[in-house]
Amino acid sequence: MNAPWHILGAGSLGCLWAARLQQHLDTRLILRNKAQLKAFQKHASIQLFDSPLAVEPSVHQVKAELASAKDTITKLVLCTKAYDALDAVKSVAHRFTDKTQIVLLQNGVGSQQAIQQAFPHIRLIACATTEGAYLKEPFCVIWAGHGVTRLGDFGEPKAQPQWLDEWKSAGFNYDWTDDIETTLWRKLGVNCIINSLTALHECSNGELTRPQNMVNLLAYDLQDLMIAAKQPKAAADLHALVWQVIEDTSRNQSSMLQDIKRGRRTEMQYMIGYAYEKAKQLDVEMPAVRKIYQQLCEKIDSLGLPVN
Ligand code: NAP
């Protein structure tokens, strides 16, 4: 029998992944604490609205447990924010075996390396997903955008994991790559620009045509950084990619702007904060990135939100 899937973090993506996997495979949700477990056990299910316009949700019975449970974990999907990722993995490390693999859904760059350093013997599969989801209420998720998840080994590429067949049978739209690092860096470049500027100016993605010059200056800086970081494939045509994403998502609000509006901690240190620190390490001059990073820190601090 196939080993169960464990989903760590019952937020937007965690509920989406759990509800979808559960329809085909043994799936367990790992919850934060006893209070959350008790709240979940009232219905012991996740409600999934297939789109923001869907009238009725589908209901999925899912098993739930705490990190402290004893049974081993073979396939883990980590669904926390980037800043919670390492602590969350540590909380279940007593359940790992030499077969354990972890799928990392975190946005940005930095959390993957931190986990790799702490767990060098665990196979890590990093993702860049365009799936979109948000919670209507706890354990009730709206699948806002049906997207694609690109994934690949973080570190040495290996043969595709056999469990991809399980994702296929569960209807996941995925794309395996032997070079997830380039994908993560390209997405980092896009996120550094779009998330930072939309959060700073409190505007939709499409409205970035107004600070057009700053979009281009940031893209030049980030290309310099990518070259210095030996990521030339990520640097290629970065401007064109960023403008294409702005056009394709013109009506969207970036995740950083949404976090700021909801008074939630942002993932800025895994986006522009990562680029800023990496530039310092590699001694790359990035005047536009430095300026926007500092303005963003000031804004987030003035709102009483953590800057780390
Ligand atoms: P989210 O809704 O905030 O969910 C994260 C969940 O993880 C929260 O329920 C959080 O609990 C839980 N958590 C954190 N630490 C935990 C721990 N130690 N043990 C158990 N649970 C823990 O975030 P999300 O929107 O799903 O995003 C997850 C990641 O995917 C982020 O990096 C995000 O940028 C990326 N992403 C999201 C989307 C999307 O559409 N939502 C799309 C693409 C990428 P608390 O609430 O108690 O902290």
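We count ligands from 1, going down the list as the structure has it; atoms in each ligand are counted the same way.
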Is the shortest distance from atom 10 (C) of ligand 1 to a protein heavy atom below 4.0 Å?
-> no

For [atom], the protein heavy atom that lies nearest, with its residue and separation:
atom: atom 41 (N) of ligand 1; value: Ala133 O, 3.1 Å
atom: atom 42 (C) of ligand 1; value: Glu131 O, 3.2 Å
atom: atom 36 (N) of ligand 1; value: Leu13 CD1, 3.6 Å
atom: atom 31 (C) of ligand 1; value: Glu267 OE2, 3.3 Å
atom: atom 16 (C) of ligand 1; value: Arg32 NH1, 3.2 Å
atom: atom 43 (C) of ligand 1; value: Thr129 CG2, 3.6 Å
atom: atom 3 (O) of ligand 1; value: Arg264 NH2, 2.8 Å
atom: atom 13 (N) of ligand 1; value: Thr80 CG2, 3.7 Å

Common cluster, Val307/Tyr274, ILVMFWY with side-chain heavy-atom separation under 4.5 Å =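 Val307 clusters together with Tyr274.
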
What part of [X] sits under 4.0 Å from ligand 1 if we count only heavy atoms: the side chain, the backbone, both or neither?
X: Ala144; result: neither
X: Leu8; result: side chain
X: Cys79; result: backbone

Show which atoms of ligand 1 fall inside a sub-4.0 Å distance from at least one heavy-atom site of [X].
X: Ala10; result: 9 (O)
X: Gly9; result: 7 (O), 12 (C), 21 (N)
X: Leu105; result: 30 (O), 35 (C)
X: Asp84; result: 14 (C), 15 (N)

Grab the two heavy atoms, one from [X] and one from [Y], that are nearest each other, plus how far apart they are.
X: Leu78; Y: Ala88; answer: CD1-CB, 3.9 Å
X: Val62; Y: Thr27; answer: CG1-O, 3.8 Å
X: Thr198; Y: Ser204; answer: CG2-O, 3.8 Å

Honestly, is Arg265 close enough over Tyr83, meaning NZ or CZ under 6.0 Å from the six-membered ring centre and within 45° of the axis?
->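 Cation-pi check for Arg265 and Tyr83: passes.
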
Between Phe172 and Arg20, is there a cation-pi geometry (under 6.0 Å to ring centre, at most 45° from the normal)?
->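 The answer is yes; both the distance and angle limits are met.
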
Measure the spacing between CH2 of Trp176 and OG1 of Thr149 and express it to the nearest 0.5 Å.
->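 Interatomic distance, Trp176 CH2 to Thr149 OG1, rounded to 0.5 Å: 12.5 Å.
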
Report yes if some N/O of Ser12 lies less than 3.5 Å from some N/O of ligand 1; otherwise report no.
-> yes

Answer yes or no: does an N/O atom from Asn107 fall short of 3.5 Å to an N/O atom of ligand 1?
-> yes

Donor-acceptor pair between Asn107 and Asn191 side chains, under 3.5 angstrom | yes

Do Ser255 and Asn195 have side-chain atoms, one donor and one acceptor, less than 3.5 Å apart?
-> yes

For Gly132 and ligand 1, answer yes if some heavy atom of the residue is under 4.0 Å from a ligand atom, otherwise no.
-> yes

Do Trp5 and Trp17 have ring centres separated by under 6.0 Å?
-> no

So, Glu166 and Lys75, do they make that salt bridge, N to O below 4.0 Å?
->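 Looking at Glu166 and Lys75, the cut-off is met.
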
What do the steps show when you test Phe40 against Phe139 for ring pair (Phe, Tyr, Trp, His ring centres under 6.0 Å), and what is the final call?
-> CA-CA 7 Å; Phe40 180 77; Phe139 314 117; 4.9 Å; yes

